[in-house]
A.B. asks: 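Got a structure for you, questions after.
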Amino acid sequence: MSTAPEAPVDLTPALIQLIDDLGRGPLFKEAATEVAHAIGPMLSDDDPRRQGWRRARVFERLLEPDRTIRFRVEWVDDQGKPQFNRGYRIEHTNILGPYKGGLRFRHTVTEDVLGFLAYEQCFKNALTGLPLGGGKGGSDFDPKGKSEGEVMRFCQSFMTELAKYIGPDEDVPAGDIGVGGREVGYMYGRWLRLTKKPVGVLTGKPIPLGGLAGRTEATGYGCVAFAKAMLEEDGHSMDGAKVAISGSGNVALYAAERTMHRGGRVMSLSDSKGSVFCKEGFTKQQLQELMDLKLKTRDRLSAYSGEGVEYAEGKKPWAMGAYEVALPCATQNEVDETDAAAIADAGAKAVAEGANMPCTAEAKALLAKRSVPLGPGKAANAGGVGMSGFEMAQNSGRVPWSKERAINELETMMATIHQRCVAYGQTDKGVDYELGANRAGFAKLADAMVAAGVG
Ligand code: GLU
């Protein structure tokens, strides 16, 4: 008697149950659940390659980092009082290359925050096409409000511990929120004292220490390249487009600079206390002044005044008139459902995430319902880590790259990432970038994990 072929079972509910059972924090759950929604249906068909991924339990195994390192960081404040913070490095997977991902120094850092970032980083790094594994680290130390000397002593002490676990072919940290060239420089200085090895063990280094020209700009520039490709995919243009940006760190500021370079108008920036807006778009000079304020004097946006520029205390930048592009470049979960509604009402034709997971699950659902395309952080902000990959190449090649070469390679890489998302994210309603990014990243990781066997 012949039996009908078994109907494929959608694995998504089982994967989500498994994530719940792990008992990890809410951010990790949010990030992993998003991936489960993209991967579950893909694992359910009878394609032999995908059957291999399923049999090898690749999705499940990837939920657990290779290891989590936790340590005490002691330092002495300006009053001579001993202080201590908690330091972390999560080495998630090195199946594609050395663990790679930034260090975040911020009072809100917890294992949950770094756990979700390390997980996301694996997919992002896979999407770049470079040989990079995934990791993340950091501390609940916040450089904000600390003196130059305190920041230096903290960074040195952090590296004294971290140096035991990292190496140019092993684990290569970089910056993230609260960690810029200054902090990376101090950490690299201590690494040199400890090891006597001037190698590419950190990226995002200041240029005199072997940093790559263009690395600082890369995440913001890459995000604009991705947004531009999204617009063009749907027959729109960045030229003349109004662009709302949140945040005022490296990512936001260089996204603003690149937007102007591409002919767009920058309507806003923000920090944790409020937003600055300009109805006509900032002038080049105003943007330069804002960059100096944030990067040199490290002041709040409320301290800025410029012609036609308004400051809105306690407000996010999404509900301030019409714009075509939204670039959330501040931090995770900054865009909630109400903000997403404001973005859709503003007429946005593309949202590209410069930060990591800035849109909540509810915000994403709303944008999908209102047919606003969303470029997820793991694709749209991959320019930063991609450029870090080039910095590693520069350091081990022992020949400096020109800034022009680095930025050209960045543009090519972002175009390729966009194409990968399009190829994997086609639906009957157009391109679903989140689906595409998760599936393309996962496919790369899964093939490698199957090839390497288990155990
Ligand atoms: N922190 C950045 C990110 O979230 C860059 C990481 C790196 O360059 O290693 O991707």
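Side-chain atoms are counted along with the backbone in the values below, which use heavy atoms only and exclude waters and symmetry mates. Just follow the structure's listing: the first ligand is 1, and inside any ligand the first atom is 1.
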A.B. asks: Suppose the criterion is side chain to side chain donor-acceptor pair (under 3.5 Å): which pairs have a residue in residues 115-126, not counting sequence neighbours?
C.D. replies: Glu120-Lys378, Gln121-Asn125, Gln121-Lys136, Lys124-Asn356, Lys124-Asn381

A.B. asks: Give a table of atom pairs where an N or O of ligand 1 lies under 3.5 Å from a protein N or O.
C.D. replies:
residue, atom, partner, partner atom, Å
ligand 1, 1 (N), Lys136, NZ, 3.4
ligand 1, 1 (N), Gly175, O, 2.9
ligand 1, 1 (N), Asp176, OD1, 2.8
ligand 1, 4 (O), Lys124, NZ, 3.1
ligand 1, 4 (O), Lys136, NZ, 3.1
ligand 1, 4 (O), Asp176, OD1, 3.4
ligand 1, 4 (O), Asn356, ND2, 3.1
ligand 1, 8 (O), Arg215, NH2, 3.0
ligand 1, 8 (O), Ser388, OG, 2.5
ligand 1, 9 (O), Lys100, NZ, 2.7
ligand 1, 10 (O), Gln121, NE2, 3.1
ligand 1, 10 (O), Lys124, NZ, 2.8

A.B. asks: Can the ring centroids of Phe105 and Phe154 be said to lie less than 6.0 angstrom from one another?
C.D. replies: yes

A.B. asks: Name the residue from Lys294, Lys316, Arg298, Lys315 that meets the salt bridge (Lys or Arg N to Asp or Glu O under 4.0 Å) definition with Asp271.
C.D. replies: Lys294

A.B. asks: Could Arg89 and Asp171 be called an ion pair, given the rule that one side-chain N must be under 4.0 Å from one carboxylate O?
C.D. replies: yes

A.B. asks: Between Leu301 and Lys273, is there a side-chain heavy-atom distance shorter than 4.5 Å?
C.D. replies: no

A.B. asks: Can the positive tip of Lys164 be found less than 6.0 Å from the middle of the six-membered ring of Phe71, inside 45° of the ring normal?
C.D. replies: no

